[in-house]
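Presented below is the structure to which this report refers.
Here the structure is a predicted model, which is why all the values come from computation and not from measurement. All chains are named by letter (A, B, ...) in the order of the sequence lines, taking the proteins before the strands, and each is independently numbered beginning at 1.
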Number of protein chains: 4
Amino acid sequence: MSYARQMLDTYPRTLTVDADALAAAIDATNECAQACAANTDADLSEQNLAEMVKCIRLCLDCTDICTATNRVLSRLAEYDADATRPLLESCVAVCKSCGDECERHAPHYAHCRVCTEACRRCERACQELLAALNPSM
Amino acid sequence: MSYARQMLDTYPRTLTVDADALAAAIDATNECAQACAANTDADLSEQNLAEMVKCIRLCLDCTDICTATNRVLSRLAEYDADATRPLLESCVAVCKSCGDECERHAPHYAHCRVCTEACRRCERACQELLAALNPSM
Amino acid sequence: MSYARQMLDTYPRTLTVDADALAAAIDATNECAQACAANTDADLSEQNLAEMVKCIRLCLDCTDICTATNRVLSRLAEYDADATRPLLESCVAVCKSCGDECERHAPHYAHCRVCTEACRRCERACQELLAALNPSM
Amino acid sequence: MSYARQMLDTYPRTLTVDADALAAAIDATNECAQACAANTDADLSEQNLAEMVKCIRLCLDCTDICTATNRVLSRLAEYDADATRPLLESCVAVCKSCGDECERHAPHYAHCRVCTEACRRCERACQELLAALNPSM
């Protein structure tokens, strides 16, 4: 069991959101942030740098947005829905764009294939958390 | 002139967004992130901690969201509007919430007054940048 | 297998450091950063706030230092040993301090027990990576 | 006056470190983190990408280490010297390496000249803060 799930299970307050959906989004954003940081560096090690620039830029954005989303999701109580919803939407969008670009390079570069998986999983987890959020929150 | 503005003025590409609005948002997000991190610590030094918990939580969220927004705005070319627009909206929302809560404490704590100013300025700068973004971007 | 390990196994360059030690440190820093962010919020939900302030502060520092360490470790090639060694030493130190403080609260709060485990594992992983780094790097 | 300095002047506790040195380091780390993030993107826009790879990697490390240093310095009370000293040393080292590499490109690229200035100023401010820290802290 991930630390994220263990932290949720020992949280002093009653959660107002589904713990499975929340734990999945916390783990996925954290792992996607790391995968994109690593993929930035792997891209920079390839020969055809000019073709990798878009992938590098999207990986940088994806790392930063996933990191912020992870930290905000990790602090549950009294969180601000006005800020959290668009943040999750931004995270879904950047994971979609970054995953699409990584997928273009996946046939050539195994590291882009791994990063595609991390982005797809994170996109899905954030979408499912958005759907699970109580509309009145 | 801030480094942010100097970096924009020496950028190798033609900007597709108003440089004044962009530089203002880059500076405001960076300074708001720092002010909120400092205010978290100042709040933790006060006696009536129970009344400061909401302020602490919002300052933590505001630091993380402003940091991500700053980094994404600092990388201009080929940026992804689908991710950047909701990120800016999230930043506006958290600066509004955090500024409102800090303002409640401003009569008692000078550090919350300073943080209110940083949040209000950042909220305004991000709103103005949203308005300046070409709708087709 | 974690994404971190998969990214290392698909890296375009030959690693100059032991892949097991590196993957362990990358995973441990990422999970410790998240656990500490979650523990900050759990601490803020407890009644005896005044006794939790030191734990909150150390968790905040631990999140920030673990995040930076994770990102730097995730980009392997041409990394700068002069910066990476003291960063790892800083990470070991903050995980030790934060783990010690969390352990004091572990008998009372299960979330501090989970966070202690994350800090201890991260401290150990960063120490082992420091030992594995080629002295000439 | 920067928000960082205003936050220090309104801090509820007595500072145990020189406020001028601390404010200078807080401002310099924050601005250097941003300048390096912007320079990463400017470098990625240049034609001779292969020659810019080292500069890009160092700018990425410098952003992450300066950000962590800034956040830790922004939270003053009860901070852990065992973690803060090596973190400052890491920040000095990465600013030195990144400034040296940017300086190599400064004759050709004005954005690297601006980034050199931000790195040099940050290196100096962190060194001066290290010297100002009470040895017993």
Side-chain angles (χ1 to χ4, degrees), chain A residues 12-13 26 29-30 32-33 36-37 40 50-102 119 122-123 126-127 130 137, chain B residues 12-13 26 29-30 32-33 36-37 40 50-102 119 122-123 126-127 130 137:
Chain A
R13 294 191 177 199
I26 291 173
T29 46
N30 215 27
C32 189
C36 286
T40 300
E51 292 172 40
M52 305 312 290
V53 166
K54 187 176 180 183
C55 192
I56 292 168
R57 283 196 167 106
L58 285 166
C59 281
L60 291 171
D61 283 359
C62 203
T63 294
D64 287 331
I65 297 172
C66 284
T67 302
T69 305
N70 179 270
R71 300 309 182 242
V72 170
L73 294 182
S74 298
R75 296 183 298 262
L76 319 164
E78 299 188 31
Y79 81 92
D80 184 33
D82 290 344
T84 304
R85 281 188 170 280
L87 183 61
L88 278 167
E89 288 161 0
S90 175
C91 199
V92 167
V94 80
C95 287
K96 171 85 170 69
S97 297
C98 191
D100 286 352
E101 181 63 20
C102 287
C119 289
C122 188
E123 180 190 354
C126 288
Q127 276 177 326
L130 270 169
M137 282 181 68
Chain B
R13 294 192 176 198
I26 291 174
T29 46
N30 216 27
C32 189
C36 286
T40 299
E51 292 173 39
M52 306 311 290
V53 166
K54 187 177 180 183
C55 192
I56 292 168
R57 283 196 167 106
L58 285 166
C59 281
L60 291 172
D61 282 358
C62 202
T63 294
D64 288 330
I65 296 172
C66 284
T67 302
T69 305
N70 180 270
R71 301 308 182 242
V72 169
L73 293 182
S74 296
R75 296 184 297 262
L76 318 164
E78 297 188 31
Y79 81 93
D80 184 32
D82 290 343
T84 304
R85 282 188 170 279
L87 183 62
L88 278 166
E89 288 162 1
S90 174
C91 199
V92 167
V94 78
C95 287
K96 171 86 171 67
S97 297
C98 191
D100 286 352
E101 181 64 20
C102 287
C119 290
C122 188
E123 179 189 354
C126 289
Q127 275 176 327
L130 270 170
M137 280 181 70

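- Ranked by non-hydrogen atom pairs under 4.5 Å with chain A, the options B/L88, B/V92, B/V72 are led by B/V72.
- Interface remark: B/L60 contributes backbone and side-chain atoms alike to the contact with chain A (heavy atom separation under 4.5 Å).
- Residues A/D82 and B/A93 come closest through the heavy atom pair O-CB, 3.3 Å.
- In terms of heavy atoms, B/D80 sits closest to A/S97 at OD2-OG, 2.7 Å.
- When every heavy atom of A/P86 is checked against every heavy atom of B/S90, the shortest pair comes out as CG-CA, 3.8 Å.
- Between B/A83 and A/V94, the shortest heavy-atom distance links the atoms CB-CB, 3.7 Å.
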| request: Show your working on side-chain contact (heavy atoms from CB on, under 4.5 Å) between B/R75 and A/D64 and close with a plain yes or no. | output: CA-CA 12 Å; B/R75 296 184 297 262; A/D64 287 331; 2.8 Å; yes
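- Between the CD1 atom in B/I65 and the OG1 atom in A/T84 there is a gap of 6.5 Å [rounded to 0.5 Å].
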